[in-house]
Amino acid sequence: MGRPVNVGVVGCGFIFGQYVRSIERLPELRLVSVADLDPERAREAVRGCPEVEVLSVAELMADPRVDVVLNLTVPAAHAEITLQAVASGKDVYSEKPLAATTADAARVLRAAAEAGVRVGCAPDTVLGTGTQTARKAIDDGLIGRPVAATAIMLTPGHEGWHPNPDFYYAPGGGPLMDMGPYYITSLVTLLGPVTTVIGAASRTRARRTIATGPRRGEEIPVAVDTHVTGVLVHASGALSTLVMGFEGAATGAPPIEVHGERGSLSVPDPNHFDGSVLLARMGEEDWETLPAAAGHVGAGRGVGLADLVTTPAGRESRTGATLTYHVLDIMECLLSSAHSRTAVTVTSTCERPQPVTFRPAPR
């Protein structure tokens with residue numbers, strides 16, 4: 001590449017700092033401008049970075065310096081901001097999910113194809129050494145043919161630590177839409193696309209109480225299912241059992257396990273980039289820790305954006321729109337199955353993303 005790709009960020013909220021720290025370390029990227037509904041928040045976010053300009057959203061979209069838009073808005077605004085960037089002829093990388101609904105996500109895919117621009121979407125945690133080392137173990141045949149997996153996330157909910165948790169309990173939120181992308185993207189990376197889902201869901205409380213920050217003690221409405229479970233049938237024949245909940249105090253279950261004909265893998269938390277991958281071989285009692293053998297070492301949020309801008313023309317990045325649309329479709333189908341109490345066919349599909357070779361940490 002002749003020069004770093006210029007990045008304009010829309011949305012300077014909670015996750016912004018994590019992306020900026022990564023962009024500063026990635027030679028492929030350079031932050032040039034930011035925009036937020038609250039201009040003062042944008043100015044505060046880049047205080048100490050005089051080279052970064054604070055613009056309105058319209059100004060950022062029109063800025064010829066900006067090559068790619070990093071969309072860090074709330075889920076309900078993802079499609080609108082991404083479509084504005086696409087209409088401006090810019091590549092886009094969005095926080096998850098790609099859009100609040102598959103209908104909006106389909107509009108994004110069509111618009112991007114017509115404009116000839118690229119769209120990618122979080123989570124990019126699957127590009128770290130945790131999921132990628134597990135992927136390599138599967139590809140190398142260490143557990144034989146994969147036949148089943150479990151993916152479990154149980155917490156009390158985000159109102160205990162987030163000062164403004166409203167959107168977690170609004171349409172487009174909930175444990176499945178919020179945390180499901182990490183787990184399902186990892187499952188698709190490990191085991192391939194999903195063809196059918198069978199789900200169940202529940203909601204135990206109509207309101208939640210914020211426990212921290214200036215709004216402490218304020219109650220917010222709950223408009224989504226707060227416990228979702230189901231079975232994902234992969235095209236390969238493997239079956240994944242998924243449990244996503246904001247109704248548990250804690251869990252001791254491994255975040256992800258993959259079981260094959262000759263062994264089992266314990267896969268680290270897909271909300272993180274690294275972590276130990278454990279292997280249990282059939283007939284042996286003890287688990288062994290596999291050395292990190294694939295993925296980006298020391299990665300942070302933003303490595304998926306770098307992957308997007310460095311992927312050759314004509315190829316989809318490892319967290320490209322087709323994969324992230326499929327993940328969103330799986331989640332919508334799971335909720336549809338839970339409410340209809342029937343199995344639902346997932347009509348979308350994707351290629352299993354390309355693996356990431358072992359990549360040392362950027363200096």
Side-chain angles (χ1 to χ4, degrees), residues 6-23 29-101 104-105 107-108 111-112 117 119-123 158-159 161-174 177-178 181 208 210 212-216 218-221 223-224 301-302 305 324 328:
N6 289 337
V7 180
V9 178
V10 179
C12 299
F14 194 80
I15 201 74
F16 175 83
Q18 294 185 45
Y19 275 93
V20 170
R21 286 191 291 274
S22 291
I23 290 172
L29 305 172
R30 176 172 57 203
L31 180 63
V32 297
S33 60
V34 298
D36 193 275
L37 288 176
D38 181 352
E40 182 54 37
R41 180 165 60 182
R43 283 189 285 270
E44 182 61 30
V46 295
R47 194 177 303 279
C49 302
E51 71 281 5
V52 179
E53 191 172 3
V54 176
L55 304 172
S56 69
V57 173
E59 289 170 338
L60 187 146
M61 297 299 179
D63 189 345
R65 298 175 306 155
V66 174
D67 301 308
V68 58
V69 172
L70 176 57
N71 181 358
L72 303 183
T73 58
V74 298
H78 284 178
E80 176 189 352
I81 296 299
T82 295
L83 286 168
Q84 287 183 37
V86 167
S88 300
K90 302 182 188 302
D91 293 336
V92 194
Y93 186 87
S94 174
E95 247 305 315
K96 50 80 185 167
L98 183 61
T101 66
D104 284 342
R107 291 170 54 213
V108 168
V117 300
V119 173
C121 183
H158 294 341
E159 69 277 13
W161 59 269
H162 199 295
N164 295 293
D166 308 66
F167 68 91
Y168 291 114
Y169 298 100
M177 289 298 186
D178 175 48
R208 297 270 179 144
I210 300 174
T212 187
R215 299 173 62 197
R216 181 177 181 178
E218 180 181 336
E219 290 191 341
I220 57 174
V224 294
R301 282 173 167 81
L305 172 58
T324 51
L328 179 60

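Note: hydrogens, waters and symmetry copies are ignored here, and every other heavy atom, side chains too, is used.
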Hey, can you tell me if His162 and Phe167 have their rings parallel, tilted or perpendicular (30° and 60° cut-offs)?
->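 Answer is perpendicular, since the angle exceeds 60°.
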Side chain to side chain donor-acceptor pair (under 3.5 Å) partners for [X], two or more places apart:
X	value
Tyr168	none
Glu40	Arg43
Arg215	Asn164, Asp166, Glu218
Thr82	Asn71

Which residues pass the side-chain contact (heavy atoms from CB on, under 4.5 Å) test with [X], not counting sequence neighbours?
X	value
Arg107	Leu83, Asp104, Arg110
Ala35	Val57, Leu60
Asp91	Val68, Val117, Arg118
Pro123	Lys96, Thr125, Pro181, Tyr182, Thr185

Qualifying side-chain hydrogen bond (donor to acceptor under 3.5 Å, both in side chains) pairs with a residue from residues 7-16, counting only residues at least two apart or across chains =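 Those involving residues 7-16 do not exist here.
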Salt bridge (Lys or Arg N to Asp or Glu O under 4.0 Å) against Glu80, all qualifying residues, sequence neighbours excluded =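 Scan of Glu80 (salt bridge (Lys or Arg N to Asp or Glu O under 4.0 Å), adjacent residues dropped) gives none.
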Non-neighbouring partners of Arg208 that pass salt bridge (Lys or Arg N to Asp or Glu O under 4.0 Å), sequence neighbours left out =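 Glu159, Glu247.
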Kindly state each residue pair satisfying salt bridge (Lys or Arg N to Asp or Glu O under 4.0 Å) with at least one member in residues 56-79, sequence neighbours excluded.
->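 Non-adjacent pairs meeting salt bridge (Lys or Arg N to Asp or Glu O under 4.0 Å): Arg3-Asp67, Glu53-Arg65, Asp63-Arg65.
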What do you reckon, is CD1 of Ile220 surrounded by more than 12 foreign heavy atoms closer than 6.0 Å?
->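 Yes, because the 6.0 Å sphere around CD1 of Ile220 holds more than 12 heavy atoms from other groups.
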Write down the atom of Val66, the atom of Lys90, and the distance for their closest heavy-atom approach.
->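 Looks like O-NZ, 2.9 Å.
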